[in-house]
There are 2 protein chains.
Amino acid sequence: MSVDERSRPTRAKRLPREVRERQILDAAVRVFSQHGYHNASMDEISDVAGVSKPMIYAYLGHKEDLFAACIRREATLLMEAIAGGVRAELPPDMQLWHGLRAFFRFVGAQRESWRVLHRQAISQGGPFSDELLAMRNRAITLVDALLVRSATSRGLDETARKSTEALAAALVGAGESLADWWLDHPDVPEKVVASWLMNLVWMGLGDLVDGSVWTPSE
Amino acid sequence: MSVDERSRPTRAKRLPREVRERQILDAAVRVFSQHGYHNASMDEISDVAGVSKPMIYAYLGHKEDLFAACIRREATLLMEAIAGGVRAELPPDMQLWHGLRAFFRFVGAQRESWRVLHRQAISQGGPFSDELLAMRNRAITLVDALLVRSATSRGLDETARKSTEALAAALVGAGESLADWWLDHPDVPEKVVASWLMNLVWMGLGDLVDGSVWTPSE
DNA sequence: TCCCGAACCTACCGCCGAGTAGGCTACGGG
DNA sequence: CCCGTAGCCTACTCGGCGGTAGGTTCGGGA
């Protein structure tokens, strides 16, 4: 077992700090995602990263700091992916649609990132939630902007326009939950999941007008 | 601090085993829900239960066994709550509706139970998932039965009737995610959350017929 | 009344994993 | 060529928590 050098980052010598930090974060995301925060050991992370434990402490700090750094990096990547998917020259509805698809494409491609971002971070209390809250708020702001454009272009009335922020918050929450659910059902195509959520927005925007919606009779 | 006897089960002496087990499970659900599986210490559970640690090991076994016992008990309670909500004399749609409401009412009232059932159990791998899988399958079977009744009563065509099981699975998954999301948004009324999910079923049942649905043009 | 077993406890063990002390080595500037 | 410092490691300490040994007390049946 000790003979096999495995396929880890080739334990090269004397790499610049920047590169090492990247390797460590990659390893940490992977291990946190697989075992959860508490089951993940610093020893295993250092092993996967191909680096000794004190290096992690020297570069990224204690376990909590390391986890927070993971969340921060992945959250930034996610937001950039979404923002990149929204092409400003498209009509408003299409901007929203492509933003959604970019989101789900990210989750599908970076399952480990999403797992550590949402599932792990959410099940730990404390300082980790703050990092998530920050990302959520940025996401809600972005979605709200898209919704406003979409609503005004469709000529919805004042009351609907006023409640876009609430709808944006609901959308983001629904997206998180849906993505989380999707982790366990990878067979569903990304486009389908995205369109489900898009339908919810549709119903949300047209809630007052639409008569085809089911309403409890009692 | 040591003076205050708190409001825990009054550390009475010589109670029958049945009662002690119940107290221990209550404490365990609470502590697991608050701190998560790994942060929860057997010492704290024993303290909250008003019982010494060896009693837990004598009655419920090791930490994993205790956690599994929590999941099993809460899952059973949940299923009973749902089944109790479905009143057989109602029309099929209404049975589904009341089942949904019973589900969300349970989650709303027993937040700790749901937290330990879903969030904690799902973020731990291993034997815990099995307990969840068992409950899920029971739930899917139940929902499927309700869907079939609902579909036939509305006279949907053969293809729709064939895919009820897939729809049931999706519904259960959506319900789990939605309930999980609801934990973080307690201000939304239970009836509203339930009706959202009901709308999804509506759209799922009528997917071929309905023209009001948003579809991507590209 | 006596005694047996169930209920219950205190006080301990040992492992595992977070975090550290202290030092070695190679690259680059002078 | 030399030495300062950034990169890197081995080999520990130590505390917390899962788990247990070995009792003591009470209730109830014979």
Side-chain angles (χ1 to χ4, degrees), chain A residues 2 5-6 8-28 30-32 34-70 120 124-128, chain B residues 2 5-6 8-28 30-32 34-70 120 124-128:
Chain A
S2 63
E5 273 302 318
R6 307 301 298 272
R8 47 171 144 123
T10 61
R11 194 180 273 277
K13 289 185 281 186
R14 297 284 138 154
L15 293 182
R17 173 171 185 153
E18 199 182 353
V19 176
R20 284 296 188 212
E21 286 190 352
R22 206 182 169 288
Q23 289 178 349
I24 293 173
L25 282 177
D26 289 342
R30 159 166 263 156
V31 175
F32 281 138
Q34 282 177 356
H35 305 315
Y37 177 74
H38 282 284
N39 273 344
S41 74
M42 297 297 270
D43 283 298
E44 182 177 356
I45 293 175
S46 73
D47 193 47
V48 170
V51 144
S52 74
K53 212 170 27 163
M55 298 271 15
I56 300 182
Y57 284 90
Y59 286 167
L60 277 314
H62 292 197
K63 196 181 184 185
E64 283 198 355
D65 305 325
L66 177 60
F67 189 61
C70 289
Q120 292 307 327
Q124 319 297 333
F128 310 133
Chain B
S2 62
E5 273 303 319
R6 309 300 299 271
R8 49 171 143 127
T10 60
R11 194 181 274 277
K13 289 187 281 187
R14 295 285 138 156
L15 293 181
R17 173 170 185 153
E18 198 182 353
V19 177
R20 282 299 188 208
E21 285 190 353
R22 203 181 173 286
Q23 289 179 349
I24 293 173
L25 283 177
D26 288 344
R30 161 165 262 158
V31 175
F32 281 138
Q34 281 177 355
H35 305 316
Y37 176 74
H38 281 283
N39 273 345
S41 73
M42 297 296 272
D43 283 300
E44 182 177 355
I45 293 175
S46 73
D47 192 46
V48 170
V51 145
S52 74
K53 212 169 29 162
M55 296 268 23
I56 301 182
Y57 284 90
Y59 286 167
L60 278 314
H62 293 198
K63 196 182 184 183
E64 283 199 355
D65 305 324
L66 176 60
F67 189 60
C70 289
Q120 292 307 327
Q124 317 297 334
F128 309 134

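The analysis underlying the following values was restricted to heavy atoms, covering all of them including side chains, and did not include hydrogens, waters or symmetry mates. Chain letters run A, B, ... following the sequence lines, proteins first and then strands; every chain starts at 1. Given the structure is predicted, the values throughout are model-derived calculations rather than measurements.
Between A:F32 and A:F67, the ring planes are perpendicular. Angles over 60° get that label, and only those under 30° would be called parallel. Aromatic ring pairs are classed by plane angle as parallel below 30°, tilted from 30° to 60° and perpendicular above 60°; the pair B:Y57 and B:H62 is perpendicular.
D:dT13 atom C1' lies 13 Å from atom OH of A:Y57, rounded to whole Å. Taking atom CG on B:D43 and atom C1' on C:dT10, their separation rounds to 13 Å, with Å as the unit. With rounding to whole Å, B:L60 atom CG is found 15 Å from D:dG18 atom P. Taking atom CG of residue B:L66 and atom P of nucleotide D:dG19, one finds them 10 Å apart after rounding to whole Å. B:M55 has its CE atom 12 Å from the P atom of C:dA6, to the nearest Å. Summarising the geometry, the separation between CD1 on A:I24 and C1' on D:dG7 is reported as 11 Å, rounded to the nearest angstrom. Distance, A:L15 CG to C:dA26 P: 14 Å, rounded to whole Å. Rounded to an integer number of Å, the gap from CZ of A:R14 to P of C:dG28 is 10 Å.
When each of B:H38 and A:K53 is assigned the nucleotide of DNA chain D with its nearest heavy atom, A:K53 is the one assigned upstream, toward the 5' end. For the pair A:G61 and B:P54, both in contact range of DNA chain C, the more 5′-proximal nearest nucleotide belongs to B:P54.
Salt-bridge formation is detected for the pair B:R22/B:D26: a Lys NZ or Arg NE/NH1/NH2 atom is positioned less than 4.0 Å from an Asp or Glu carboxylate oxygen.
Of all heavy-atom pairs spanning A:H35 and A:N39, the tightest one is O-CB, 3.0 Å.
In terms of phosphate contacts, B:Y59 brings a side-chain nitrogen or oxygen within less than 4.0 Å of OP1 or OP2 of C:dA7. Within the structure, every side-chain polar atom (N or O) of A:R20 is placed at least 4.0 Å from both OP1 and OP2 of D:dG7. Look at A:H62 and you'll find a side-chain N or O under 4.0 angstrom from OP1 or OP2 of C:dT20.
Contact of the B:K63 side chain with the B:L66 side chain is not registered, since no non-hydrogen atoms from C-beta on lie closer than 4.5 Å.
Of the candidates C:dA7, D:dC8, D:dG18, the closest approach to any side-chain atom of B:R17 belongs to C:dA7.
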